[in-house]
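Below, each value reflects all heavy atoms present in this structure, side chains not excepted, and no hydrogens, waters or symmetry copies. First the proteins, then the strands, lettered A, B, ... as listed; each starts at 1.
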Protein chains: 2
Amino acid sequence: MTSPTPARTWRGIHAELTRRINDGVWRPGELVPNEAELAEEFGCARATVNRAMRELAETGRVDRKRKAGTRVALHPSARVVLDIPVIRREVEARGASWHYSLILREEGPAPLALTARLGLAQDAPMLHLACLHYADAQPFLHEDRWINIAAVPGLLDTDFSVENANEWLIRNAPYTGGDIAFSALAAGAELAALLEAAEGAALFTLDRTTWNGEVPITSVRLSYAPGYRMHTRI
Amino acid sequence: MTSPTPARTWRGIHAELTRRINDGVWRPGELVPNEAELAEEFGCARATVNRAMRELAETGRVDRKRKAGTRVALHPSARVVLDIPVIRREVEARGASWHYSLILREEGPAPLALTARLGLAQDAPMLHLACLHYADAQPFLHEDRWINIAAVPGLLDTDFSVENANEWLIRNAPYTGGDIAFSALAAGAELAALLEAAEGAALFTLDRTTWNGEVPITSVRLSYAPGYRMHTRI
DNA sequence: AAGTGGTCTAGACCACTGC
DNA sequence: CAGTGGTCTAGACCACTTT
């Protein structure tokens with residue numbers, strides 16, 4: 001086993017620390033030497049060790065606390081970075097041509113379940129959009145979206161039968177945070193018809209709500225056509 | 001809108017750069033000032049700007065290339081960090097008690113589709129395990145796993161009716177990389193029965209294959225009971 | 001060849017937190 | 001209070017990429 005990564009670099013040190021954890025030199029829960037000691041051992045600056053350790057902490061391999069030191073994580077959970085691209089680009093990346101069709105546009109109050117979750121008044125004006133994204137001639141995903149009209153200037157002036165909401169919002173409604181949930185749902189009759197799938201088919205579904213500070217921006221459910229896989233590397 | 005983050009820190013600079021992108025001060029595709037110039041503007045060291053910029057690059061807000069400089073990303077894709085915990089802990093985090101039952105243990109060759117994907121000989125000795133994880137008395141997920149016997153010392157000596165494979169492998173078979181795919185699958189008759197779900201129910205499914213260098217370690221499919229949601233914050 | 005980001009250094013001070 | 005990680009600095013050299 002040669003080490004293709006040069007030592008003394010933060011990558012080299014990261015690799016060596018990873019090895020020590022994997023090989024059980026440092027056992028789960030165990031306290032590892034502090035940065036100053038490791039810097040001396042590796043003959044490098046403390047900042048270099050810090051950089052390597054920070055990566056290990058970000059991926060959950062170690063837990064770090066001031067004064068308490070650094071410990072090998074007891075329950076290393078796999079941490080995965082998912083890239084959720086703009087839908088058009090995802091379709092095009094598959095070599096298909098993308099197009100898009102607006103199915104529904106409606107102004108009015110949202111379901112109570114939604115306004116409650118967003119912390120909005122029940123009668124807050126919302127824009128409800130539903131659209132289909134196609135890969136070539138095939139339905140790719142169904143987008144069901146509610147947008148907080150008060151939070152997005154210019155929203156009502158935009159023609160979403162031409163402009164697609166997914167990309168328009170990225171450009172025009174920045175957000176500071178939000179949450180995402182993935183699940184599997186059985187296609188109801190209407191959704192099945194739209195996606196040209198069998199009723200009850202298993203659909204990969206993504207629910208995303210975004211906020212700008214305290215202000216809710218939009219809540220969307222993306223239902224992918226059957227067979228969709230979201231893929232990434234570790 | 002006060003700025004609770006002090007300027008001059010990398011977080012403060014990160015926030016200010018983010019603001020400039022969000023507010024359109026720097027448009028998508030546009031070249032932003034180089035690190036030295038920004039360091040001068042903010043009155044800080046270049047390393048501090050570098051740290052802020054690195055975060056922006058990691059989350060896909062900007063694209064950086066040596067010599068070419070830093071540009072605001074044209075197609076910002078949402079980058080999401082998913083935490084996939086050890087199953088037992090995930091169940092316990094819901095306040096349920098976890099238990100586990102081995103359904104199948106079989107040594108022998110794997111299906112051709114699998115060996116081919118792993119780059120193993122068709123007759124490579126593999127261990128096939130199937131198990132169910134429970135939250136209290138309710139089936140939580142079904143685990144269908146193949147393990148490369150040659151790559152995992154001590155594998156055949158382990159009693160997986162007592163020890164659960166998920167955690168045993170974490171401790172005993174480190175990996176350097178792999179891939180993960182999420183999808184939605186309809187429950188077949190057997191799986192539906194095991195999960196006490198209706199046949200055809202939509203199941204959230206995770207396929208994960210891990211490698212240690214060039215050596216395939218294990219390939220597993222986790223099928224969660226209906227209703228499961230994988231959740232994270234942005 | 002030259003410009004840009006990537007990294008490293010040696011030192012310093014600060015912030016948090018367990019004791 | 002004292003030990004540890006978190007961050008910042010000023011400077012340097014390097015690696016990559018475009019010109």
Side-chain angles (χ1 to χ4, degrees), chain A residues 3-18 20-21 26-74 76 79 81, chain B residues 3-18 20-21 26-74 76 79 81:
Chain A
S3 87
T5 318
R8 292 279 171 69
T9 67
W10 75 264
R11 287 172 191 281
I13 291 168
H14 180 269
E16 170 60 13
L17 300 179
T18 301
R20 291 187 188 179
I21 293 171
W26 295 331
R27 317 285 313 184
E30 189 177 333
L31 197 61
V32 314
N34 67 33
E35 293 188 350
E37 289 164 354
L38 289 171
E40 190 179 7
E41 176 191 339
F42 291 121
C44 69
R46 180 165 79 92
T48 308
V49 174
N50 180 274
R51 175 71 190 272
M53 279 292 197
R54 185 180 350 123
E55 302 283 326
L56 288 173
E58 279 173 4
T59 54
R61 301 301 305 268
V62 301
D63 293 322
R64 317 198 77 192
K65 262 189 290 195
R66 286 159 150 140
K67 163 77 179 181
T70 299
R71 292 176 181 279
V72 179
L74 271 174
R79 216 155 289 183
V81 179
Chain B
S3 88
T5 319
R8 290 281 171 68
T9 68
W10 76 262
R11 287 172 191 280
I13 291 168
H14 180 270
E16 170 59 16
L17 300 178
T18 301
R20 291 189 188 179
I21 293 171
W26 295 331
R27 316 285 313 184
E30 189 178 332
L31 197 60
V32 313
N34 67 33
E35 294 189 350
E37 289 164 353
L38 289 171
E40 191 179 6
E41 176 190 340
F42 291 121
C44 69
R46 181 164 78 91
T48 308
V49 174
N50 180 275
R51 174 73 190 272
M53 278 291 198
R54 185 179 351 122
E55 303 283 325
L56 288 173
E58 279 173 4
T59 54
R61 301 301 304 269
V62 301
D63 294 322
R64 316 196 77 191
K65 264 190 290 197
R66 285 157 149 138
K67 163 77 181 179
T70 300
R71 292 176 182 279
V72 178
L74 272 174
R79 218 155 287 183
V81 179

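- Comparing A:Arg54 and A:Lys67 along DNA chain D, the residue whose closest nucleotide (by nearest heavy atom) sits nearer the 5' end is A:Lys67.
- Distances were taken from every side-chain heavy atom of A:Lys65 (C-beta onward) to each of D:dC13, D:dT18, C:dG18; the shortest belongs to C:dG18.
- Nearest to the side-chain atoms of A:Arg64 among the listed nucleotides D:dG6, D:dT18, C:dG3 stands D:dG6.
- The CZ atom of A:Phe42 sits 17 Å away from the C1' atom of C:dT9 (whole-angstrom rounding).
- We find that CD of A:Glu35 is positioned 18 Å from P of C:dC14, with the value rounded to whole Å.
- Rounded to whole angstrom, the span from the CZ atom of B:Arg11 across to the P atom of D:dG6 amounts to 10 Å.
- Of the candidates C:dG6, C:dT9, D:dG6, C:dT9 carries the atom nearest the A:Ala47 side chain, counting heavy atoms from C-beta on.
- Side chain of B:Arg61 to main chain of B:Thr18: no donor-acceptor pair is present (N/O by atom type, distance under 3.5 Å, no hydrogens or angles).
- A:Leu56 has its CG atom 14 Å from the C1' atom of D:dG5, to the nearest Å.
- Of all nucleotides listed (C:dG18, D:dC8, C:dT4), D:dC8 comes nearest to the side chain of B:Thr9.
- With respect to B:Glu35 and B:Arg64, a salt bridge is recorded, a charged nitrogen being found less than 4.0 Å from a carboxylate O.
- Taking atom CZ of B:Arg51 as the reference point, atom C1' of D:dG6 lies 9 Å away to the nearest angstrom.
- The base of C:dT7 does not come close enough to the side chain of A:Arg8 for any donor and acceptor atom to sit less than 3.5 Å apart.
- In this model, the phosphate group of D:dT4 is not approached by any side-chain N or O of A:Thr70 to a distance below 4.0 Å at OP1 or OP2.
- Of the candidates D:dG6, C:dG5, D:dT9, D:dT9 carries the atom nearest the B:Ala45 side chain, counting heavy atoms from C-beta on.
- Straight-line distance from the CD1 atom of B:Ile13 to the C1' atom of D:dT7: 12 Å, rounded to whole Å.
- Atom pair B:Asn50:CG and C:dT7:P shows a separation of 8 Å (rounding to whole Å applied).
- Taking atom CD of residue B:Glu55 and atom C1' of nucleotide C:dG6, one finds them 15 Å apart after rounding to whole Å.
- Counting only heavy atoms from C-beta on, A:Trp10 has its side chain closest to C:dT7 among D:dA15, C:dT7, C:dA15.
- Counting any heavy atom pair closer than 4.0 Å across all strands shown, A:Ala36 reaches no nucleic acid atom.
- Closest heavy-atom contact between B:Gly60 and B:Ala73: O-CB, 3.2 Å.
- Looking at A:Glu37, its side chain does come within 3.5 Å of a backbone N or O of A:Asn34 through a donor-acceptor pair.
- Closest approach to the A:Thr48 side chain among C:dG5, D:dG5, C:dC8 is made by C:dC8 (side chain taken as heavy atoms from C-beta onward).
- Here the closest non-hydrogen pair linking A:His14 and A:Leu56 is NE2-CD2, 3.6 Å.
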